[in-house]
Amino acid sequence: MAADVIVSLDVMGGDEGAELVIPGAAEALTRRPDIRFKLFGEREIVEPLLDRYPKVRDASDFEHCEISVRMDDKPSQALRHGRRRSSMWRSIEAVKRGEADFALSAGNTGALMAMAKFCLRTTADIERPAIAALWPTLRGESVVLDVGATIGADAQQLFDFAVMGGAMARALFDLEKPTVGLLNIGVEEVKGLEQIREAGILLREANLPNIAYSGFVEGDDIGKGTVDVVVTEGFSGNIALKTAEGTAKQIATYLRSAMRRTLLARIGYIFARHAFDRLRDKMDPRRGNGGVFLGLNGIVIKSHGGTDPTGFATAVELGYSMVRNRLLEKINNDLSVYYQSVEPAVVEAGAA
């Protein structure tokens with residue numbers, strides 16, 4: 001029987017803090033009874049909530065932290081004042097010490113990334129981590145990265161994102177060889193920024209055994225599900241993500257308004273209610289909540305700060321799946337296959 005998955009929670013993170021995290025943990029525990037929690041937060045806030053959710057209390061170890069990272073703290077401020085003392089830092093540190101399988105926070109994204117990089121460090125072959133998100137598509141779901149870890153990326157970094165995204169797709173979607181595309185302004189090889197074209201050449205020439213490079217993809221290909229993994233740098237990736245979230249809310253508002261406009265529309269809604277319910281579920285951002293920090297020596301998940309307990313439980317489940325499907329092992333193996341293949345070529349070129 002597999003051991004329990006230990007989840008390290010920054011209880012103070014997010015717009016609602018503990019009022020979000022503890023109920024979300026309770027819902028996650030209902031979905032996955034083989035989870036246990038390590039909770040980090042302020043005692044006077046957390047303990048009354050644990051009294052209201054005894055199942056979470058019984059499945060948790062709690063540690064008091066005197067500092068909580070605020071949503072408006074700059075990453076440098078968070079590191080300076082919260083290192084080793086804040087609930088965010090200590091939740092990540094539990095992963096480093098092997099006391100937890102992954103860390104989860106709904107708090108300040110910049111601070112979380114800064115602390116995760118400082119505490120866990122990047123893996124040997126990765127220069128820059130990325131945030132990977134699950135994106136609902138017409139075919140199911142795709143992995144999109146980077147959606148906001150850093151601005152800009154060179155060709156080698158985009159290549160590394162592709163390898164890590166491919167490993168995540170294999171871990172989540174049970175694919176032997178996921179398809180990977182580079183986000184660009186067109187599918188033609190002559191289009192786009194130089195680093196994107198160079199990354200395409202690297203991916204094509206590498207001929208990696210665990211991913212199938214499909215070339216360039218455009219913005220509308222993300223929602224179509226043209227490929228299993230869409231690779232971009234953090235600036236354009238974050239804009240794409242926020243645009244998609246805003247468009248989903250816009251469409252939902254349009255539909256609600258249209259259904260209430262006339263008596264005939266209300267009657268029509270009654271007959272089409274189940275179809276609208278399926279559409280609402282498909283577009284529900286809570287179903288895809290949770291960004292995975294890839295490229296670190298440990299798993300860290302970022303939950304949307306404004307989600308509800310159901311969305312937070314989804315982020316817990318995402319981390320749970322990463323652990324059960326050995327995400328870090330797949331990433332390290334895939335990177336090792338590539339870098340071991342290029343080192344002999346470098347040596348030969350130097351000798352020549």
Side-chain angles (χ1 to χ4, degrees), residues 8 92 95-96 100-105 109-110 112-135 141-173 175 178-183 199 202-203 208 210-211 213 222 227-238 240-241 288-304 315-339:
S8 179
I92 298 168
V95 176
K96 180 179 180 179
D101 294 301
F102 71 94
L104 171 60
S105 175
T109 303
L112 185 66
M113 176 57 79
M115 287 189 175
K117 286 173 64 177
F118 198 92
C119 184
L120 297 175
R121 306 294 183 182
T122 55
T123 57
D125 297 316
I126 295 297
E127 180 181 348
R128 179 181 294 184
I131 301 177
L134 292 181
W135 200 292
E141 287 182 316
S142 294
V143 173
V144 180
L145 75 164
D146 176 22
V147 293
T150 51
I151 294 175
D154 62 26
Q156 186 61 55
Q157 289 160 356
L158 290 171
F159 178 94
D160 292 340
F161 292 174
V163 174
M164 294 190 295
M168 180 170 167
R170 291 194 295 121
L172 282 181
F173 306 150
L175 297 172
T179 54
V180 175
L182 289 167
L183 187 64
L202 285 175
L203 285 165
L208 297 172
N210 292 322
I211 63 173
Y213 176 58
I222 304 177
V227 291
D228 301 307
V229 181
V230 177
V231 177
T232 184
E233 53 81 37
F235 184 81
S236 56
N238 190 264
L241 178 65
N289 182 46
V292 186
F293 290 8
L294 298 180
L296 301 172
N297 291 305
I299 300 174
V300 177
I301 309 287
K302 169 63 174 72
S303 168
H304 197 296
V316 174
E317 276 205 293
L318 175 62
Y320 175 95
S321 297
M322 300 288 90
V323 173
R324 285 291 188 228
N325 291 288
R326 306 189 308 279
L327 172 67
L328 291 182
E329 180 183 327
K330 287 181 168 64
I331 289 176
N332 290 333
N333 286 343
D334 289 358
L335 288 171
S336 177
V337 167
Y338 169 70
Y339 282 104

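Rounded to the nearest 0.5 angstrom, M164 CE and I331 CD1 are separated by 6.5 Å. In this structure, OG on S105 lies 11.5 Å from CD1 on I301, to the nearest 0.5 angstrom. Interatomic distance, CG of D160 versus CG of L202, reported as 9.5 Å (0.5 Å rounding).
Looking at heavy atoms from C-beta onward, L182 lies in side-chain contact with Y213 at the 4.5 angstrom threshold. A 4.5 Å side-chain heavy-atom check between T232 and F161 finds every atom pair outside the cut-off. Counting heavy atoms from C-beta outward, L327 and M168 have side chains that approach closer than 4.5 Å. Side-chain atoms of M113 and I131, non-hydrogen and from C-beta on, do get closer than 4.5 Å to each other. In this structure, the side chains of V229 and L145 come closer than 4.5 Å at one or more pairs of heavy atoms. A 4.5 Å side-chain heavy-atom check between L183 and I222 finds at least one atom pair inside the cut-off. Contact of the I92 side chain with the L120 side chain is registered, since non-hydrogen atoms from C-beta on lie closer than 4.5 Å. A heavy-atom distance below 4.5 Å is not found between the side chains of L203 and L158.
In this structure, the side chain of N325 engages the main chain of S321 through a donor-acceptor pair within 3.5 Å.
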Before giving the answer on side-chain contact (heavy atoms from CB on, under 4.5 Å), spell out for I299 and L328 the whole-Å C-alpha distance, their side-chain angles and the decisive distance to 0.1 Å. CA-CA 8 Å; I299 300 174; L328 291 182; 3.8 Å; yes
Please lay out, stage by stage, how W135 and L241 fare under the test side-chain contact (heavy atoms from CB on, under 4.5 Å). CA-CA 9 Å; W135 200 292; L241 178 65; 4.0 Å; yes
Please report the C-alpha distance between L318 and L134 in whole Å, then the side-chain angles of each, then the deciding distance to 0.1 Å, and finally whether the side-chain contact (heavy atoms from CB on, under 4.5 Å) criterion is met. CA-CA 9 Å; L318 175 62; L134 292 181; 3.9 Å; yes
When you look at D146 and L294, which way does the side-chain contact (heavy atoms from CB on, under 4.5 Å) test go after all the steps? CA-CA 9 Å; D146 176 22; L294 298 180; over 6 Å; no
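For the pair R170 and F173, the NZ or CZ position fails the cation-pi test of under 6.0 Å to the six-membered ring centre and within 45 degrees of the ring normal.
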